[in-house]
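Positions are given from 1 along the sequence.
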Amino acid sequence: MDKEKERRATWVPGAVIVGAGPSGLAAAACLAVRGVPATVLERSDSLAFTWRHRMYDRLALHLPKRFCELPLLPFPEEYPTYPNKDQFVTYMERYAAASGVVPRFGASVEEAAFDEALGAWAVRLAGGEVLMAKWLVVATGENAEPHVPEFPGLRQFAGRVLHTCEYKSGEEFAGEKVLVVGCGNSGMEVSLDLCRYGAKPSMVVRNTVHVLPREMLGLSTFGIAMALLKWLPVQLVDRFILAAAHLSLGNTSQLGLRRPKTGPIELKNLTGRTPVLDVGTLDHIKSGKIKVVGAVKEVTRVGARLADGKEEQFDAIILATGYRSNVPSWLKDGGDVFTREGTPKTPFPNGWKGRNGLYTVGFSQRGLLGASSDALSVARDIHCQWRERERE
């Protein structure tokens with residue numbers, strides 16, 4: 001950093017945390033309880049922006065609340081086992097208030113780079129302001145930006161095209177034929193929601209996918225798996241889960257949902273691919289209310305040409321194609337932690353720390369449970385250094 005920039009920079013105590021979603025709030029709260037200050041930067045105008053503005057109305061947590069609560073504050077007892085979107089946002093607001101975390105909204109980070117001469121991170125905001133901090137916590141998460149793939153002919157489609165981040169309810173698609181591109185949890189649930197409002201969804205399934213019941217015998221499938229993993233190897237747990245899933249759901253391959261050769265938990269650990277937890281979609285596929293189709297070869301003006309050569313007409317296309325990290329667009333000097341795609345190089349649970357005071361929270365591909373684990377680890381590590389600096 002040159003002398004002029006150094007004079008304009010503002011030094012902040014403790015850490016700078018980028019992102020005021022669950023990961024950023026958890027990191028700030030865990031630092032606060034240890035007496036370490038943090039400046040939380042959020043580009044939007046509210047905390048938990050993605051949950052508040054980019055999620056469909058019927059969304060509820062896929063896992064029981066005990067697996068989704070953040071450190072230091074459990075969910076309210078009166079919340080259901082699977083809190084809905086609005087309840088989760090309220091929980092986030094209470095969490096920030098209880099921890100005394102007040103994010104700085106409208107603070108969009110354009111670049112963060114480590115200054116070797118000063119031994120600190122220079123964080124430049126839109127507008128030119130520069131903040132300097134000893135520690136930088138990247139908490140923008142794996143789902144910062146919608147992923148919108150290019151399909152041949154998509155721009156010529158005469159109907160409506162939207163990503164699930166814009167989808168709220170199937171009410172506006174009542175009576176329409178809708179192509180849902182993607183068969184993850186979002187694609188499955190959007191297809192189900194469309195059915196409930198009288199739409200006629202066709203769901204694109206290009207690859208293999210594990211579909212599991214959300215509960216088995218009244219117990220969370222995830223909870224059962226976590227309990228078994230304490231005693232059994234992952235491959236054996238996968239066999240048990242798949243056998244139980246077959247009894248509950250039947251042979252999903254007959255519905256066009258072929259399973260991967262690798263088991264669901266092992267696949268999640270290896271690739272981050274999350275199994276789908278069924279909340280009623282399979283029944284609608286079995287009844288024919290949701291049609292399963294193959295890959296899209298080309299979008300036409302009035303519909304799509306599929307990989308099998310068939311052409312179908314659609315009134316709308318919904319892209320349930322997920323999200324991507326935006327870290328590569330603004331973080332410099334993070335090559336020891338992140339790939340070019342902004343994903344962690346080191347698998348969970350050891351990917352939270354980089355060089356020169358760089359930390360990450362929420363990139364473990366383990367959801368809210370992983371973010372909580374990261375936040376606790378980061379806070380402990382920074383606190384040790386903070387305490388050493390206070391003694392100097």
Worked verdict on Arg160 versus Glu172 for salt bridge (charged side-chain N to carboxylate O under 4.0 Å, His left out):
CA-CA 11 Å; Arg160 186 177 177 189; Glu172 58 189 295; 2.3 Å; yes
Is the closest side-chain donor-acceptor distance between [X] and [Y] under 3.5 Å?
X: Asn251; Y: Arg259; value: no
X: Glu69; Y: Tyr95; value: no
X: Asp381; Y: Gln385; value: yes
X: Tyr167; Y: Asp193; value: yes

Is the distance between the ring centroids of Phe157 and Phe151 under 6.0 Å?
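Distance test on ring centres: not under 6.0 Å, no.
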Are the aromatic rings of His62 and Phe67 close, with centres under 6.0 Å apart?
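No, the ring of His62 stays outside the 6.0 Å limit from the ring of Phe67, centre to centre.
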Salt bridge between Lys332 and Glu110, side-chain N to carboxylate O under 4.0 Å?
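Here Lys332 does not pair with Glu110 in a salt bridge, since their nearest N and O are not under 4.0 Å apart.
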Are Glu341 and Arg324 ion-paired here, with the side-chain N under 4.0 Å from a carboxylate O?
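Judged by the 4.0 Å cut-off on N to carboxylate O distance, Glu341 and Arg324 do not form a salt bridge.
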Please examine the side chains of [Y] and [X], heavy atoms only from C-beta on, and report whether any two atoms are closer than 4.5 Å.
X: Val327; Y: Val138; result: yes
X: Gln87; Y: Pro80; result: yes
X: Pro344; Y: Ser364; result: no
X: Ser169; Y: Tyr56; result: no
X: Ile317; Y: Leu154; result: yes
X: Trp386; Y: Arg34; result: no
X: Val378; Y: Arg380; result: no
X: Tyr323; Y: Arg54; result: yes

Any chance you could measure [X], atom [atom1], to [Y], atom [atom2], to the nearest 0.5 Å?
X: Phe338; Y: Leu331; atom1: CZ; atom2: CG; answer: 6.5 Å
X: Thr221; Y: Asp278; atom1: OG1; atom2: CG; answer: 10.0 Å
X: Thr208; Y: Leu257; atom1: OG1; atom2: CG; answer: 10.5 Å
X: Met132; Y: Thr10; atom1: CE; atom2: OG1; answer: 10.5 Å
X: Leu232; Y: Asp238; atom1: CG; atom2: CG; answer: 11.5 Å
X: Asn356; Y: Lys134; atom1: CG; atom2: NZ; answer: 8.0 Å

Is [X] linked to [Y] within one hydrophobic cluster, defined over Ile, Leu, Val, Met, Phe, Trp and Tyr using a side-chain heavy-atom separation of less than 4.5 Å?
X: Val12; Y: Phe114; result: yes
X: Leu242; Y: Leu255; result: no
X: Val204; Y: Val190; result: no
X: Trp135; Y: Val18; result: no
X: Met188; Y: Leu194; result: no

Give the C-alpha distance, both sets of side-chain angles, the deciding distance and a yes or no for side-chain contact (heavy atoms from CB on, under 4.5 Å) between Glu111 and Trp330.
CA-CA 4 Å; Glu111 182 181 272; Trp330 59 271; 5.5 Å; no
Mind listing the closest non-hydrogen atom pair of [X] and [Y] along with its distance?
X: Cys30; Y: Leu376; result: SG-CD2, 3.8 Å
X: His147; Y: Thr321; result: O-OG1, 2.6 Å
X: Arg273; Y: Pro260; result: NH2-CG, 4.2 Å
X: Phe240; Y: Leu228; result: CD2-CD1, 3.5 Å
X: Ala96; Y: Leu25; result: CB-CD2, 4.3 Å
X: Thr360; Y: Gly351; result: OG1-O, 3.2 Å

Enclosure of [X] [atom1] (heavy-atom neighbours >12, cutoff 6.0 Å):
X: Lys310; atom1: NZ; result: no
X: Lys177; atom1: NZ; result: yes
X: Glu77; atom1: CD; result: no
X: Leu217; atom1: CG; result: no
X: Lys268; atom1: NZ; result: yes

Without swapping roles, check the side chain of His210 against the backbone of Thr262 for a donor-acceptor pair under 3.5 Å.
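Such a contact is found between His210 side chain and Thr262 backbone.
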Check whether any side-chain N or O of Asp315 sits under 3.5 Å from a backbone N or O of Glu176 as a donor-acceptor pair, and report yes or no.
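Here the side-chain-to-backbone pair does not exist.
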Filter on salt bridge (Lys or Arg N to Asp or Glu O under 4.0 Å), then keep only pairs touching residues 88-108, sequence neighbours left out; what's left?
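Qualifying pairs: Arg52-Glu93, Arg104-Glu129.
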Run the side-chain donor-acceptor check on residues 289-303: report pairs under 3.5 Å with partners two or more places apart or on a different chain.
residue	atom	partner	partner atom	Å
Lys291	NZ	Glu312	OE1	3.4
Lys291	NZ	Glu312	OE2	2.7
Glu298	OE1	Arg305	NH1	2.3
Thr300	OG1	Val302	N	3.4
Thr300	OG1	Gly303	N	2.9
Thr300	OG1	Gly303	O	3.3

Evaluation steps, side-chain contact (heavy atoms from CB on, under 4.5 Å), between Leu125 and Leu41
CA-CA 9 Å; Leu125 307 181; Leu41 304 176; 3.8 Å; yes
Cation-pi geometry met for Lys65 and Tyr79 (6.0 Å, 45°)
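The answer is no; the distance or angle limit is not met.
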Looking at Phe222, does the NZ or CZ of Arg214 lie under 6.0 angstrom from its six-membered ring centre and within 45 degrees of the ring axis?
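No - Arg214 does not lie over the ring of Phe222 by the 6.0 Å and 45° rule.
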Candidates Leu358, Ile17, Asp333 - the one meeting side-chain contact (heavy atoms from CB on, under 4.5 Å) with Leu136
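Among the candidates, only Leu358 passes.
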Is the ring pair Phe88/Phe75 parallel, tilted or perpendicular, if the boundaries are 30 and 60 degrees?
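Answer is tilted, since the angle falls between 30° and 60°.
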Give the intermediate values and the outcome of side-chain contact (heavy atoms from CB on, under 4.5 Å) for residues Tyr91 and Leu73.
CA-CA 9 Å; Tyr91 169 70; Leu73 185 69; 4.1 Å; yes
Taking it one step at a time, do Arg258 and Val209 satisfy side-chain contact (heavy atoms from CB on, under 4.5 Å)?
CA-CA 6 Å; Arg258 295 177 297 108; Val209 58; over 6 Å; no
